[in-house]
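One structure is given below, encoded as structure tokens.
Positions are given from 1 along the sequence.
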Amino acid sequence: MRTFNHVGMVTDIIPEGAVFNEGLNVWLTDYTKSPNRIEFLKFEPGSCLPELVQKQGHVAYTVPSLEEALKGCKVIFGPAVCDEHLTIAFVEEEGVSIELMEVK
């Protein structure tokens, strides 16, 4: 079962309060501080994230098991371990990117 987590919106400016993620080569904001759970993203050249994510943004869901959630999906990135509490993957569904997040 998927639970809505946030929406990733792509911008062409570095958003106020954004932090730089060197591994993904992207500036991003903390969606937990947004009343609408929006994560703003400003990609730098050379980001390893798929073009679909970089151009359109994404919708993110928390899942109990990433391994189970990815079965039968068109995986376009990951799974990637972000830290000891979070593993993510991006899939393509209905022509858009979907981020699936397993939080431990």
(request) Go through the steps to decide whether Phe90 and His58 satisfy the test side chain to side chain contact (heavy atoms under 4.5 Å, CB included), and finish with yes or no. (result) CA-CA 9 Å; Phe90 283 89; His58 63 277; 3.7 Å; yes
(message) Please report the interatomic distance CG(Asn21) to CZ(Phe43), rounded to the nearest 0.5 Å.
(response) 10.0 Å
(request) May I ask you to test the Leu28-Glu39 pair for a side-chain heavy-atom distance under 4.5 Å? (result) yes
(request) Hey, could you give me the OG/NZ distance between Ser47 and Lys42, rounded to the nearest 0.5 Å? (result) 10.5 Å
(request) Could you tell me the separation between the CD atom of Glu102 and the NZ atom of Lys104, rounded to the nearest 0.5 Å? (result) 5.0 Å
(message) Nearest 0.5 Å, please: how far is CG in Asn5 from CE in Met101?
(response) 4.5 Å
(message) Is it true that Thr32 and Asp30 share a donor-acceptor pair across their side chains at a distance under 3.5 Å?
(response) yes
(request) Check the hydrophobic clustering (I, L, V, M, F, W, Y; side-chain heavy atoms under 4.5 Å; chains of links allowed) and say if Val75 and Leu24 are grouped together. (result) no
(request) Kindly give the heavy-atom pair with the smallest separation between Pro15 and Thr11, and that separation in Å. (result) CG-CG2, 3.7 Å
(request) Grab the two heavy atoms, one from Gln54 and one from Leu49, that are nearest each other, plus how far apart they are. (result) NE2-O, 2.6 Å
(request) Spell out, yes or no, whether Val103 and Tyr31 are grouped together once hydrophobic residues are joined by side-chain heavy atoms under 4.5 Å, including indirect joins. (result) yes
(message) Test side chain to side chain contact (heavy atoms under 4.5 Å, CB included) on Ile76 and Leu52; report intermediate values, then the result.
(response) CA-CA 9 Å; Ile76 58 174; Leu52 188 62; 4.1 Å; yes
(message) Donor-acceptor pair, distance only, cut-off 3.5 Å: does the side chain of Thr29 make one with the backbone of Phe40?
(response) yes
(request) Look up atom CD1 in Ile38 and atom NZ in Lys33, then write down how far apart they are to the nearest 0.5 Å. (result) 16.0 Å
(message) Measuring from atom CG of Leu100 to atom CG of Leu66, what distance do you get when rounded to the nearest 0.5 angstrom?
(response) 6.0 Å
(request) Begin with the C-alpha distance, continue with both residues' side-chain angles, and end with the deciding distance and a verdict on side chain to side chain contact (heavy atoms under 4.5 Å, CB included) for Glu44 and Val26. (result) CA-CA 6 Å; Glu44 296 295 338; Val26 62; over 6 Å; no
(message) Using a 6.0 Å cut-off, check whether atom CD of Gln56 has over 12 heavy atoms from anything other than its own residue.
(response) yes
(request) Indicate yes or no: at least one non-hydrogen side-chain atom of His6 is less than 4.5 angstrom from one of Glu99. (result) yes
(message) For the backbone of Ile98 and the side chain of Glu93, can you confirm whether one donor and one acceptor N or O come within less than 3.5 Å of each other?
(response) no
(request) Quick one: closest heavy-atom pair of Gly23 and Cys48, and the distance? (result) O-SG, 3.8 Å
(request) Fit a plane to each ring of Phe4 and Tyr61, take the angle between them on a 0 to 90° scale, and name the class: parallel (under 30°), tilted (30 to 60°) or perpendicular (over 60°). (result) perpendicular
(request) Spell out, as yes or no, whether a donor-acceptor pair under 3.5 Å connects the side chain of Asn25 to the backbone of Pro45. (result) yes
(request) Provide the closest heavy-atom pair for Asp83 versus Val81 in the form atom of the first, atom of the second, distance. (result) O-CG1, 3.4 Å
(message) Please find the pair of heavy atoms, one from Cys82 and one from Ile88, that lie closest to each other, and give the distance.
(response) SG-CG1, 3.8 Å
(request) Over all heavy atoms of both residues, which pair between Pro79 and Ala89 is shortest? Give the atoms and the distance, please. (result) CA-CB, 4.0 Å
(request) Please answer whether the main-chain N or O of Glu92 pairs with a side-chain N or O of Ser97 as donor and acceptor at a distance below 3.5 Å. (result) no
(message) Test of understanding: clusters of I, L, V, M, F, W, Y form through side-chain heavy atoms closer than 4.5 Å, transitively. Do Met9 and Phe77 belong to the same one?
(response) no
